[in-house]
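Everything on this sheet refers to the single structure shown next.
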Amino acid sequence: MKPVGFFRGTWEIAAKDLRLEWRTFETLSSSFIFSLIVLVIFNFAFGFSTIKELGADRLVPGVIWTVLAFAAVVSVARSMELERRRDTLAALFMAPIDRGALFTGKFLANLIKITILQWVVVVLSAVFFNFDLISIAGPMLLVLFLHGLGLTELGTLFAAVASRVGRGEALLATLLFPTTAPIFISAVKCTASLLEGKGLSGAAGTWLLVTIGFDVLFFLVALATFEFVLEE
Amino acid sequence: MKRSPVELLIFALWGLATVGMLIALYLVFINAPEERVMGAAQRIFYFHVPIAMMTFLSVFVLLAGSVGYLWTRKTAWDNLSRAATETGLVFCSLVLITGPIWAKPAWGVWWTWEARLTTTMLLWLLLVASLMVRSYAENRDLGARLAAIVGIVAAVDVPIIYKAVDWWRGQHPILFKPGAKAPLAPDMQLAFVTCIVVFLIFFTLLIAVRYRLASLEERTTAAMERATVR
């Protein structure tokens with residue numbers, strides 16, 4: 001059998017994961033419900049008066065990114081957990097496919113799921129915390145995408161690591177949150193800048209550049225190391 | 001019995017570290033003058049800063065061990081990165097303990113989210129996570145591979161985390177002012193440099209001891225496996 005090339009392989013693996021998701025909506029529904037619960041808890045944690053006093057621009061960036069961080073962990077952990085439960089990791093590894101495509105395929109499927117989740121969470125936050133999303137929708141999409149990218153790259157890699165040792169979300173969070181600290185700092189800064197009506201110029205622009213650098217660097221690191229995780 | 005080079009190195013380093021520690025204690029507590037503003041609390045700086053330097057040095061050793069292992073698959077590299085992770089974690093914990101002891105009298109708070117502190121805290125978490133991955137793995141080879149991956153990501157990430165937190169907090173206002181205003185007095189300088197050298201010897205000693213222990217473990221396991229087969 002002729003081995004499948006990198007791009008075709010990436011697409012096949014991503015399509016497989018998305019097809020599974022489309023049939024059950026298992027990952028999206030569980031991470032969506034999880035995000036909703038965390039948003040409600042934040043509401044209790046801060047109380048109505050604190051929310052009014054601080055205003056959306058001070059509070060919302062932190063809330064959105066905390067919710068997204070935990071929801072991302074739930075989402076990427078599931079994608080590897082499914083493979084582990086059905087013992088399909090070995091099959092993936094033996095597939096006649098470019099090794100790099102194993103990572104990019106998983107990564108692409110995770111990225112699409114996380115992007116959908118991000119939009120839902122942000123729209124919900126706009127409703128709950130009452131800020132004007134429509135006027136900043138364009139740059140907001142960019143901010144969500146660029147930071148979601150870095151989060152998903154390391155998330156995909158570490159989800160595989162955690163599932164190989166039979167641990168789920170707890171180990172994944174321990175690995176993912178310290179390493180993506182720069183992403184969170186930048187995400188909160190950029191989101192705050194948008195909500196304050198300053199756009200993405202100035203400091204937020206610099207942070208976006210840092211994030212792009214982070215995304216490129218860790219894409220390469222994850223691409224280079226992912227196959228060692230799956231190896232038997 | 002013929003001694004291996006690592007064992008000879010351990011003996012030599014052990015002797016040097018013992019003598020060096022005694023000299024360092026004398027230089028720090030008796031020879032160096034009392035700092036005017038911070039008083040006795042400042043003396044912890046002679047231990048705190050060299051230990052912090054060794055912590056970040058351990059990250060480089062970890063990177064070398066991790067890349068070396070994934071590249072060559074020789075367990076010697078994995079033993080090195082295991083030694084670096086554990087020694088690094090001990091030193092990192094010491095930094096996080098000695099830091100607040102100094103910070104409380106000097107800054108008035110135990111903890112502040114300053115770049116160095118935050119980075120050290122995150123590094124501590126990463127080293128713990130790496131040990132967790134290693135111990136959860138069902139066999140040695142898998143643990144070594146996964147820990148090497150975590151090690152590489154952590155080592156590449158630490159400088160980025162440091163820069164990011166630095167920009168996030170703005171420049172740290174208090175940490176460098178004492179040094180900038182009045183450079184260290186000659187006796188302080190002497191104590192400080194001695195401590196760096198002594199801790200470097202001590203750090204190398206710990207790595208060497210842990211490395212040797214790991215190779216012995218490896219040999220014992222191999223011998224036991226052979227015995228079981230027979």
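Predicted, not measured: the structure shown is a model, and the values here were computed from it.
- Side-chain atoms of A:Arg164 do not come within 3.5 Å of backbone N or O of B:Gly143 as any donor-acceptor pair.
- Separation of atoms CG (B:Asp157) and CD1 (A:Ile183) is listed at 9.5 Å; rounding is to 0.5 Å.
- With a 4.5 angstrom heavy-atom cutoff, A:Thr206 does not touch chain B via any of its atoms.
- Residues B:Leu146 and A:Val161 come closest through the heavy atom pair CD1-O, 3.9 Å.
- Under a cut-off of 6.0 angstrom, the local environment of CZ in B:Arg140 is crowded, with over 12 non-hydrogen atoms contributed by other residues, nucleotides or ligands.
- Minimum heavy-atom separation, A:Glu231 to B:Arg145: O-NH1, 2.9 Å.
- Contacts of A:Leu175 with chain B are made by both backbone and side-chain atoms, with heavy-atom separations under 4.5 Å.
- When each of B:Leu123, B:Val150, B:Val153, B:Val158 is scored by its heavy-atom pairs under 4.5 Å with chain A, the top score falls to B:Val153.
- Heavy-atom neighbours of B:Phe91 CZ from other residues, nucleotides or ligands within 6.0 Å: above the threshold of 12.
- Nearest approach of B:Ile161 to A:Pro178, heavy atoms of both residues: CD1-O, 3.3 Å.
- Here the closest heavy-atom approach between residue A:Leu171 and residue B:Ala129 is recorded as CD1-O, 4.4 Å.
- A 6.0 Å sphere centred on NZ of B:Lys104 holds more than 12 heavy atoms belonging to other residues, nucleotides or ligands.
- Surrounding CD of A:Glu53 are at most 12 heavy atoms belonging to other residues, nucleotides or ligands under 6.0 Å away.
- Applying a 4.5 Å heavy-atom cutoff, the residues of residues 208-229 of chain A that approach chain B are A:Val210, A:Phe214, A:Leu217, A:Phe218, A:Val221, A:Thr225, A:Phe228, A:Val229.
- Within 6.0 Å of the CZ atom in B:Phe60, the count of heavy atoms belonging to other residues, nucleotides or ligands does not exceed 12.
- Interface residue B:Leu142: only side-chain heavy atoms are found under 4.5 Å from chain A.
- Within the 4.5 Å cutoff, no side-chain heavy atoms of B:Leu122 are placed close to those of A:Phe177.
- For B:Arg73, the part lying near chain A is the side chain, with the backbone staying farther off; criterion is any non-hydrogen pair under 4.5 Å.
- Atom OG1 in A:Thr174 sits 4.5 Å away from atom CE in B:Met132 (nearest 0.5 Å).
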